[in-house]
Each structure stands twice: as structure tokens, then as C-alpha cells.
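Letters A, B, ... mirror the listed sequences (proteins, then strands); counts begin at 1.
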Amino acid sequence: MKITFPDGSSKDYPKGTSLKDIASSIGERLAREALAARVNDHLVDLSAQVEKDSAIRFITFNDPEGEDIFRHSASHVMAQAVKRIFPDTKLAIGPSIKDGFYYDFDTPEVLTEDNLARIEEEMTRIVSEHIPYVREELSKDDAIALFREIGEDYKVEMIEAIDEDTVSLYRQDDFIDMCRGPHVPDTGYVKSHKLLSLAGAYWKGDEHNKMLQRIYGTAFPRKKDLKIYLNRLEEARKRDHRRLGRELDLFSIVDEAGPGFVIYHPKGALIRTILEDFEKKEHLNRGYQIVIGPQLLKVDLWKKSGHFDNYRENMYFTDVEGIQYGIKPMNCLAHMLIYKSHIRSYRDLPIRYFELGTVYRHEKSGVLHGLLRLRGFTQDDAHILCTPEQVNSEIRGVIGFIKDVMGVFGFEYEMELSTRPEKSIGSEADWEMATSSLRQALDDEGITYDTNEGDGAFYGPKIDVKLRDAIGRMWQCATIQCDFALPERFDLEYVGQDGGRHRPIMLHRVILGSIDRFLGVLIEHYAGAFPTWLAPVQVKILTITDKSATYAGSVAGRLVSEGIRVETDFRNEKIGYKIRESRLEKVPYMLIIGEKEAATGAVSVRHREDGDRGVVSLDHFLDDLREESSVPAFSQSQGGLR
RNA sequence: GCUGGCGUAGCUCAAUCGGUAGAGCAGCGCACUUGUAAUGCGCAGGUUGCGGGUUCGAGUCCCAUCGCCAGCUCCA
């Protein structure tokens, strides 16, 4: 039979040759690295035999499918280890995930961290036993009978839900798991593994179901890669914004004040202010109008908007002189009222209301997480009211805005389009129009995006933007949502060219999302070393001895008068000690000033990353600093002034 | 909210079987006048998250509660 390879070459083999043998015939290295193979576009085990002319591609760990197969095989090793130690364990699911795998168990014993070490040891034993993964295919009924007999209730439930007539399962010795496969040839492949954490997880991800015990782990073919990965985790831990927030004295979240409420210290508040000033300016440049709504609005209004019915559990309420008020969890209501304060003409549209709106949401206690998940936070929120014809260009404007802003911070991002969910309001025509507007706008902007069918808001479709930080993690910040419901409920109208009354469409959109969350992401993205324009202290002036304090003071005064944020350290300490402190504070520039500098009107510049940059005149230093210390601006406004 | 783990000085962490709560850093004082990542000596710092209980005796054991951490569910 004729076997064709990805490079187009082909070779003859006797019928029934195993993939393993084919790999060996090509090369020792391939035979060693191949985990599985794709035969005529089907993923199969290396032990499988090829019976007819085929196109074959061997899968190694470098292929995404290979990573998947490898981790999945590792999860079987872990499950086998758990069953050896805790024989009464029932297996749920154990897939591979990004960077690792997990397996959910229903175990009579409560698993603890101590058990992880034991399980790891047992895994190492299983690996050293080189147990082959043996594939079997059974009829659905036989499979159900088999798993029922061995008490694997969850597997039975899963097989019952499967549509196909036959199911495959894999055995390693006495360990059996229902599994589509393929797997690596034997357990010996999973040499470098590490169990990472232990947590609860609901069966089928439904909070009404039983909570199972989940073990997370990861595995790599080479020890070196495992080590690199573990180092990366350590690096991420060092970047944790909660830790850096304390170390850099940016903010605190304390029990005395209440969980989920952030207290900004001077440096954190300064960074936020710089971000907010940047945003205000950019919004004004793009034709938005800044508005400000109240923190409390009467409950009746929240009933009208539908929040009272749909969002009450997340809201805080208060009672003043017998009247019920709701503390705003969203900013749209006041914006609506502003729109309604006049009769609007089609000539007025689009109207873009922007508010740095602080909202409070009663989030479940278990979800709070530093700045990334708070109960009180501030959004860079805007509501755009426009005609149906304007929707496309408005969305494009917002996408352009997002592009510009993400570029400033050096984020890459991905966009997703979410379409009509089953539970939703509005006519089919409205949905069709809105969805195609979003899609059209994405296409017009040349953006590639994923579509999440049925993942839109109940009132309209949306575009979500996920940004990728410096170490590859994804964060949801910006979003653009189309809404027909609120204009309807609030009876918003404009007078059209035809003199008739028409309903505007409302776009909800945020660029940074929550400023607080965005700041948290920024802290981790920059590992606390903010670019100069955002750094709370841009230049720190360090004296060698107090003999130079007078000159150093005049340098500080000059910088301050140029709008530079300066701190001085004239203490009677060794220069090395002062530099060390400034480094830990991640101040971009240090100016070191001794008698030499004082004599010549110069400064010795030290950069937080580059180190000593040598001696320059103060004017020269200022010239170099001016651009990078000022807030970025875009050369032309996109929306035009009103 | 759920499952599991953890709360000791401002921070990082010790405290053996239930037997006098300690250290480093930070802070304060004194000395040192210092050239590119930590000068030395001294002082002070605590109702062991909060509340009950067991015990002659609780940081340690039990109960309850609040918070934090990991994840699940939910989300900006």
C-alpha cells in the first residue's frame, strides 16, 4: 500500500504495518517523538495498523493535537494513581486544558495537599511500569453494562448521553476509562509531570450538581520544559497585582472597610487619575460628551429598566425617608434620562454620552479577586444613541478607539462576536440587523474574530475584546453591546427626516472596562514597572552626601516646574542603599547627584533597567525625558468635535 | 454561594506531644559623610482574625463566625 507524507513524498509498506513501524522506518527521532498520527484526517494511536493507501502525518508534542494527547494521557496516569490509592473513587471527566490537564473525582475520602505528593509518587511508579494504553471498541450497551458493573456511574451517565452506537475505551492494566483517544503508546511517555492544585468542581459544571474533587496537573515530554513552565508560574506569582499593589503602596483592600472595596493610596490614585484624564481627553476628541449621573436612583426607575427583576440579587438598596433607592450597578439609567430631557432630532444623532461611572454590585463572596473582581468599581462607560443606519459606523468608531488604546499599552487582543441566545427579547429583524452590523463592522476593520453562537446578551448581540498580557494570559475588558430593549422601555424617540417618531438604537460600550480591573491587568502586564508616562514617580533624585543637597534640591525644583513627578532621597545613606530602594520601587529614572555633578550643573542618570547611563547636563536629560513622560495623544481625532 | 486549604508584629515566616509567642526586613534612636542593588549598634513592636468551649494550662484541640487563597458557578 502507498503511504503519503505531508511533504508530498510517498513510500510503499505491506498492508497492516503499524504506525509505530512506519515512524521507525522514517527515522529514530520521529519514532521517539511521535505521540500519535493523523491518518486520512483521523487521529489514531501509533499501535494502529494501516490497511490501505493513506496520507499520514505524525503528531508530536509540538503540534497542538500532540500537546492535547500527551496531557490527556497524563490525566489517565493520574486517574490510575488515584484509583490505586483510593479504590472507591469514581471517575468523572479528565480532559487536557491549556498548559495541563485535570481530572474530576468523586472520592469518599477528602483529598488534601498531602495526598498530591502520594499521588505523584504513584504516577511516577506507573510511568516506570511503561503500561501500554490499549484501545477497545464496544457497543454502547456493552459499555454501559461494563461501567455499571465496575461502579463508574459518571461514565455510565456520559455514555448514555452519547449519540453513537459504539464507544471506545482505553485500558492500562486494570484501569479502564471511556475515552475517544488517541493516547501515547504507553505510560512511560509521561515522565515529567507535576500536580499543581486541588479544588472543587461541580459535576458537568452545574452548581446544582454534586461537587467533585478536581486535581490540576501538567506534564511535558522533557523535564526542561516542565521546569520552564513552573518558572513561568513563579514569574506570574511575582507579578500578582495584589502583591505588587502592596509592595508599591498603590492600594489596599481591607476587611475593616469591607471585602471587594478598594482603597487607593496616593500612588495608586495618581495612576488612576492619569488613566482617567487620558480617557476623558480621548473621549472628548472623539465626539463623546462627558456626563455624570447620581450614585442612587429610585427603585421605581430600576423596575422600569428591568434591573429590579433581572439584577436585584446583585444590587444594594437603601431607604431614605421611606423611599427606596437602588445604588447603581450600571450607568445607563441616567444617560437615558439625559436623552429624554429634550426632543431629539435625527440631526442630533449619534449622541455619545461618556461617564467614568462608579458602580456597586453585590458579587458572590467567592468570586472577589483583588482589583480584578470588586464590588465597587469604575467603568469608562458610554452609551451611544443612533439611528439604525449609523450603527455600523459607530461600531467601527468604537473598534478603532479600542485599537488605538490597546496599542498605547502594548496589548494584543482578540475579538469575539456573540449572537442571539435562546432566551432573548426583540424581533428577528432587529437581531439580524444588529448582528450583521457588528459582523460588517468587524469585516470592514479587517478583524478576524471567533463567533460564539447564542452567547449574546438577552437584549442584543455583542463584541467582546480579550487582551493578552505580557505573559500570555487573556483578560476580558472592552465590550460593545447592541441594545433595543432599553430604548423601548424608556420610550426613547427621535424625530426623523420624515417628521415621524423613530426609536434609536443604543450601544453600550466600554474601552478599558473597569478602570480598576484594567489597572490590575496593567500592573501584572508591566510587572509593576509602569511606563514613564504612567509611573507615579518618574524621577527619583539621590544624593551621595548631604553636601550636594542644595544643588539636588534645585534639580528637583526644575523638574517639578517642567511637570515631572519627582521624589527626593537626601538621607544620609550609602548610594547603593538608595539605589536599591528606588529599584524596588521601580522608578524609571534615578538622578545621582554628588559633588562632581553639582560642580558642573550635570546629573548622573541611572535607568531602572539599563543601569548607569552616565553623566549628562540637566537640560539634556529633560529633553530626552519630555516625550516619554507625557501622556500619549493621537494625531487626529476620529469622531470630530461637536 | 459551593468544595478544600489558610489566618501569629506593617511585610515574609518560626514556635517539637497542649507548657514563658520568636527571627529577618520595615519603623524609631545613635554613630558613620558614604559614587551606582542592603553600614553598624541599640530600642520598640502582639488580646496569635473575632466569639465561645475543652483543659491546671490553648497560637496549637473542638464549635461557630468573619476574611483570605485555589478552583467551580457567575462576571467588568
Students often get this wrong, so: under 4.0 angstrom with heavy atoms, is [X] touching a base, only sugar-phosphate, or nothing?
X      : value
A:S604 : base
A:I544 : base
A:G366 : base
A:E363 : base
A:E595 : base
A:G205 : sugar-phosphate
A:K578 : nothing
A:L512 : nothing
A:V359 : nothing
A:V367 : base

Grab the [atom1]-[atom2] distance between [X] and [N] for me, whole Å please.
X      : N     : atom1 : atom2 : value
A:H369 : B:C69 : NE2   : C1'   : 10 Å
A:W475 : B:A76 : CH2   : P     : 15 Å
A:R237 : B:A70 : CZ    : C1'   : 13 Å
A:R517 : B:C75 : CZ    : C1'   : 7 Å
A:F518 : B:A76 : CZ    : C1'   : 12 Å
A:L371 : B:A76 : CG    : P     : 17 Å
A:E207 : B:U73 : CD    : C1'   : 5 Å
A:I215 : B:U3  : CD1   : C1'   : 13 Å

When you measure from the side chain of [X], which nucleotide among [options] comes out closest?
X      : options             : answer
A:R361 : B:U36, B:C72, B:C75 : B:C75
A:P259 : B:U36, B:G67, B:A70 : B:G67
A:D255 : B:G67, B:A76, B:A70 : B:G67
A:M211 : B:C11, B:A37, B:U3  : B:U3
A:L368 : B:U39, B:C68, B:C75 : B:C68
A:E573 : B:U36, B:U33, B:U39 : B:U39
A:T545 : B:A70, B:A37, B:U33 : B:U33
A:Q379 : B:A76, B:C11, B:A70 : B:A76

A:L198 or A:L212: which one's nearest nucleotide on RNA chain B is closer to the 5' end?
A:L212
Note: for A:D546 and A:L111 on RNA chain B, the residue whose nearest nucleotide lies more 5' is A:L111
Has [X] got a side-chain N or O lying under 4.0 Å from the OP1 or OP2 atom of [N]?
X      : N     : answer
A:Y216 : B:C72 : yes
A:Y577 : B:A26 : yes
A:R243 : B:U12 : no
A:S365 : B:G1  : yes
A:R608 : B:A37 : no
A:R373 : B:C74 : no
A:R375 : B:C74 : no

In whole Å, what separates the [atom1] atom of [N] from that of [M]?
N     : M     : atom1 : value
B:A31 : B:U36 : P     : 26 Å
B:A44 : B:G29 : C1'   : 10 Å
B:C25 : B:G40 : P     : 8 Å
B:C13 : B:C30 : C1'   : 29 Å
B:C61 : B:C6  : P     : 10 Å
B:A58 : B:G52 : P     : 13 Å
B:U55 : B:C63 : C1'   : 16 Å
B:G46 : B:U8  : P     : 15 Å

I want to know whether [X] and [Y] have ring centres closer than 6.0 Å.
X      : Y      : result
A:F409 : A:H525 : no
A:H283 : A:F401 : yes
A:Y589 : A:F621 : yes

As an exercise, state the distance from CD1 of A:I274 to CZ of A:R565, rounded to the nearest 0.5 Å.
3.5 Å
In short, A:A334 meets A:P294 closest at the heavy-atom pair CB-CD, 4.2 Å
For A:A552 and A:I541, work out which heavy atoms get closest and say how close.
CB-CG2, 4.0 Å
Crowding at NZ, A:K83 (>12 non-hydrogen neighbours, <6.0 Å)
yes
Convert the base pairs of RNA chain B into dot-bracket notation, remembering that pairs crossing earlier ones are written with [ ] and that bases paired across to another strand are shown as |; include only Watson-Crick or G-U pairs under 3.5 Å.
(((((((..((((.....[..)))).(((((.......))))).....(.(((..]....))).))))))))....
Show your working on side chain to side chain contact (heavy atoms under 4.5 Å, CB included) between A:D516 and A:R272 and close with a plain yes or no.
CA-CA 8 Å; A:D516 310 78; A:R272 241 193 80 165; 3.2 Å; yes
Is it the case that the base of B:G35 and the side chain of A:E597 share a donor-acceptor contact (distance under 3.5 Å, atom types as modelled)?
yes
Is a donor-acceptor pair below 3.5 Å formed from side chain A:Y202 to base B:G1, judging by atom type as modelled?
yes
Pick from A:E595, A:K578, A:E573, A:R571: which one makes a side-chain hydrogen bond (donor to acceptor under 3.5 Å, both in side chains) with A:T543?
A:K578
Where the chi angle of B:C17 falls, syn if within 90° of 0 and anti if not
syn
State, without any angle test, whether A:N331 and A:Y353 hold a side-chain donor-acceptor pair at a distance under 3.5 Å.
no
If we count only N and O atoms by modelled type, under 3.5 Å, do the side chains of A:D68 and A:S96 hold a donor and an acceptor together?
yes
Does A:R71 count as lying over the ring of A:F101, i.e. NZ or CZ under 6.0 Å from the six-ring centre, within 45 degrees of the axis?
no
